[in-house]
Number of protein chains: 2
Amino acid sequence: MKGKTTIYDIAKKLGITAATVSRALNDNSRISKATKKLVLETAKEMNYEPNKLALALKKGKSNNVGVIVPYINRNFFSSVIRGIEEELYPKGYNVIISQSHESEEREKEIVNNLMNAQVEGILMSLSKSTNKTAHFNQVLSKNIPLIFFDRSLNIAGVSSVTIDDFQGSYKATQHLIGQGCKRVAHMTVGKELGIYRQRFDGYKQALEDNDLPFDDNLVVELKSDIEEGKQAAQKLMNLQDPPDAIFSSTDHGALGAIKWLQGNGYSIPDDVCVVGFSNEPFTQFMELSISSIDQSPLEMGKMSAKVFLEQIKDKKVKIEKKVVLSPKLIIRDSSSKHIVPNKKAN
Amino acid sequence: MKGKTTIYDIAKKLGITAATVSRALNDNSRISKATKKLVLETAKEMNYEPNKLALALKKGKSNNVGVIVPYINRNFFSSVIRGIEEELYPKGYNVIISQSHESEEREKEIVNNLMNAQVEGILMSLSKSTNKTAHFNQVLSKNIPLIFFDRSLNIAGVSSVTIDDFQGSYKATQHLIGQGCKRVAHMTVGKELGIYRQRFDGYKQALEDNDLPFDDNLVVELKSDIEEGKQAAQKLMNLQDPPDAIFSSTDHGALGAIKWLQGNGYSIPDDVCVVGFSNEPFTQFMELSISSIDQSPLEMGKMSAKVFLEQIKDKKVKIEKKVVLSPKLIIRDSSSKHIVPNKKAN
DNA sequence: TTGTACGCGTTATCAG
DNA sequence: CTGATAACGCGTACAA
């Protein structure tokens, strides 16, 4: 019972040849109705299932795509992956996932490994520490579609699906200003990643467009970390001229800030308005729900998958598609001053 | 530039045969130091990478394992997957993930598909609606390790890694009683899944062991849903003899309950103590943090992977391992009455 | 130590 | 319409 039944088995049983069986199974035109029916029946009867490995070796197509994210158990990434899987599963593709742990070395290794596994495409979010791009040459030169999502880098031949971080940031800042805030602080993350740079730029631009001065003291850098968010808030509020709003590039930073503010007698949003980024699930659950920027990870995943499918369709044509999704500002308690009474009920 | 360099290419270049190249690459003993070195050098020079598909077909080993979960973007499942990936990656396995969407039909399809893809093992959490187990026969009969995690079913030949849901539930209830609560309500989920049945049993047993009466009115069934949690809380508190504690089988149910209670003048934990289940990230972030049962998903994933590795090691021996992890009760604000003043500072 | 020949399961290209 | 044969890339008895 070990070995699966092969087309050869069923050929032998029927006294015909494996080639004929193959044809019957593949709706080949050059086959008689009768034998086709016969083959199909006995195939079912013998529980025949095609060996995808053999097929893969033969065709040079594995029906696998590789997905690389820093960590899979981060809500944003797992949601993107969900989108990818749901789009690709109906098309017969299997999704192989790996985690780079934000390490360029590991990312390199994984890309290598995926290429050996003959994946038909790689969909990934760059690791924070990735500087060099040499490890992508092998995949591009082999004409394997490479798609970056969220964290992208401008490389010839690679497509990308991102959100407009600048715009999201701009919207958030604009919203805070619209709430009457005059001194908007910004919590950012190390600028290794372009996305944080763009969020910073969006923030700055919104200030400028509203004739508000940019103050270096109001910008503080931290990791996406609650503890650091607390410290940052403390630092900001202890300034001579403290902010009346905080826009954080991460929800965790925003959360930390809120916790510190609440613990130190500040009223939110009346004293300080806060907006985060990412729309992590917890932001809506809080008693004081947190305003945030939604990145629509599911759509990002689906879109990435679609771009892949498009690209795989005709590989002769070199497509390089840059999709930029629009972020949505979700206004919640943490930034809703009761200026317009009927604007919010909760 | 399309085709990869094969051992045949490098053999031709060196004027030797592919077999020799293969031997050199595989540390075979029967080869001279000189040619071995030569081969290795030119292999590197030509950017040779083994084609895993060919290798897989040859050996009947794909180096892939399949992982099936209901939805990948649920914190618990994505954390388990993280554990699995981190344990298996160093061993050279790739992780293929699929989502059952809680549908037996889809689960069946996926199992089939994974078998065709020649995976070397399947690690999965059953879908809620799975009743029949016929689709597992093919994997067991082919001697492919099948490991259930979290949601399990007793099938001969399949290993499982679960937590002791009974114990977790017992601990939670015991804790509530220890806080002085006399009427502990329980929110459960449809008993299609054994885990919720066991949680119910643990709850009941704890009551019994503390000489507290079991009251059917205090048990309400809902999905893991905030809205339903609210309704359930309302229903419970409107009883003639309302509860002074709620133990919910899910964190989302607990959250809903808390939101309703807070919105209706109840004080937590003074009027009502609440404990959830799963230790979702948001439970610790709330201003009023929520007590919960931690299921250590990461360890569950790692353990599942280890069981798989053990099983694959010698396939002659039929191993059937049942690992039961101990859940941890995490006591937070929502159930910490200020009985012992110095017990909690926050 | 190396070469020869075959097989893994499938499809494709020839003939017939 | 069907059968024989080669090929996908690799590993490995067997022979030399």
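Chain letters run A, B, ... following the sequence lines, proteins first and then strands; every chain starts at 1.
- For the pair A/E102 and A/R151, the salt-bridge criterion is met [side-chain N within less than 4.0 Å of a carboxylate O].
- Residues B/D150 and B/M300 share a closest heavy-atom pair of N-SD, 3.7 Å.
- Between the CG atom of B/L57 and the P atom of C/dT11 there is a distance of 12 Å, given to the nearest Å.
- For the OP1/OP2 pair of C/dT10 and a distance below 4.0 Å, the side-chain nitrogens and oxygens of A/S22 include no atom meeting the criterion.
- Listed by first and then second residue, the ring pair (Phe, Tyr, Trp, His ring centres under 6.0 Å) pairs involving residues 136-155 of chain B are B/F136-B/F148 (not counting sequence neighbours).
- Residues in residues 72-88 of chain B take part in these salt bridge (Lys or Arg N to Asp or Glu O under 4.0 Å) pairs, two or more places apart or across chains: B/R82-B/E86, B/E86-B/K302.
- Taking every heavy atom of both residues into account, B/A11 and B/A18 meet most closely at CB-N, 3.6 Å.
- Note: CG (B/D27) to P (D/dG11) measures 12 Å, nearest angstrom.
- Counting to the nearest Å, the C1' atom of D/dC10 and the NZ atom of B/K61 are 16 Å from each other.
- For the pair B/K59 and B/A18, both in contact range of DNA chain C, the more 5′-proximal nearest nucleotide belongs to B/A18.
- One can place CG of A/N63 at 19 Å from P of C/dG9, the figure rounded to the nearest angstrom.
- Straight-line distance from the CG atom of A/L55 to the C1' atom of C/dC8: 14 Å, rounded to whole Å.
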Protein N or O to nucleotides 13-16 of chain C N or O, pairs below 3.5 Å:
none

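- Direction of the helix axis in the helix from C/dT1-D/dA16 to C/dG16-D/dC1 shifts by 50° between the two five-pair termini, rounded to 10°.
- The stretch residues 6-15 of chain B touches DNA chain D through B/T6, B/I7, each having a heavy atom under 4.0 angstrom from the strand.
- Electrostatic pairing of A/E104 and A/K132 does not count as a salt bridge here, judged by no charged N lying under 4.0 Å from a carboxylate O.
- No N or O donor and acceptor, one from the side chain of A/K58 and one from the base of C/dA12, sit under 3.5 Å apart.
- Proximity of residues 31-39 of chain A to DNA chain D (heavy atom under 4.0 angstrom from any strand atom) is restricted to A/I31, A/S32, A/T35.
- For the pair A/N26 CG and D/dT2 C1', the interatomic distance rounds to 15 Å; values are reported in whole Å.
- Pairs passing the ring pair (Phe, Tyr, Trp, His ring centres under 6.0 Å) check and including a residue from residues 99-122 of chain A, sequence neighbours excluded, read A/Y71-A/H101.
- Within the 4.0 angstrom heavy-atom criterion, only backbone atoms of the sugar-phosphate kind lie near A/I16; the bases stay farther away.
- Considering only residues two or more places apart in sequence or on other chains, A/S22 meets the side-chain contact (heavy atoms from CB on, under 4.5 Å) condition with A/I7, A/N26.
- Side-chain nitrogen and oxygen atoms of B/T17 include none within less than 4.0 Å of the OP1 or OP2 phosphate oxygen of C/dT2.
- Rounded to a whole Å, the CD atom of A/E49 is 11 Å from the P atom of C/dT10.
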List, one per line, each side-chain donor-acceptor pair under 3.5 Å for residues 37-49 of chain B, sequence neighbours excluded.
| unit_1 | atom_1 | unit_2 | atom_2 | d |
| --- | --- | --- | --- | --- |
| B/T42 | OG1 | B/L38 | O | 2.9 |
| B/T42 | OG1 | B/V39 | O | 3.1 |
| B/E49 | OE1 | A/N116 | ND2 | 3.3 |

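- Every pair tested for ring pair (Phe, Tyr, Trp, His ring centres under 6.0 Å) that includes a residue from residues 116-135 of chain A fails, sequence neighbours excluded, so the list is empty.
- With salt bridges taken as basic N to acidic carboxylate O contacts below 4.0 Å, none links A/K4 and A/D9.
- The two residues B/I110 and B/Q99 come nearest to each other via the heavy atoms CD1-O, 3.4 Å.
- The list of ring pair (Phe, Tyr, Trp, His ring centres under 6.0 Å) pairs with a residue in residues 106-126 of chain B, not counting sequence neighbours, is empty.
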Identify all side-chain donor-acceptor contacts of residues 52-64 of chain A below 3.5 Å with residues at least two apart in sequence or on another chain.
| unit_1 | atom_1 | unit_2 | atom_2 | d |
| --- | --- | --- | --- | --- |
| A/K52 | NZ | B/N113 | OD1 | 2.6 |
| A/S62 | OG | A/N64 | N | 3.1 |
| A/S62 | OG | A/Q118 | O | 2.6 |

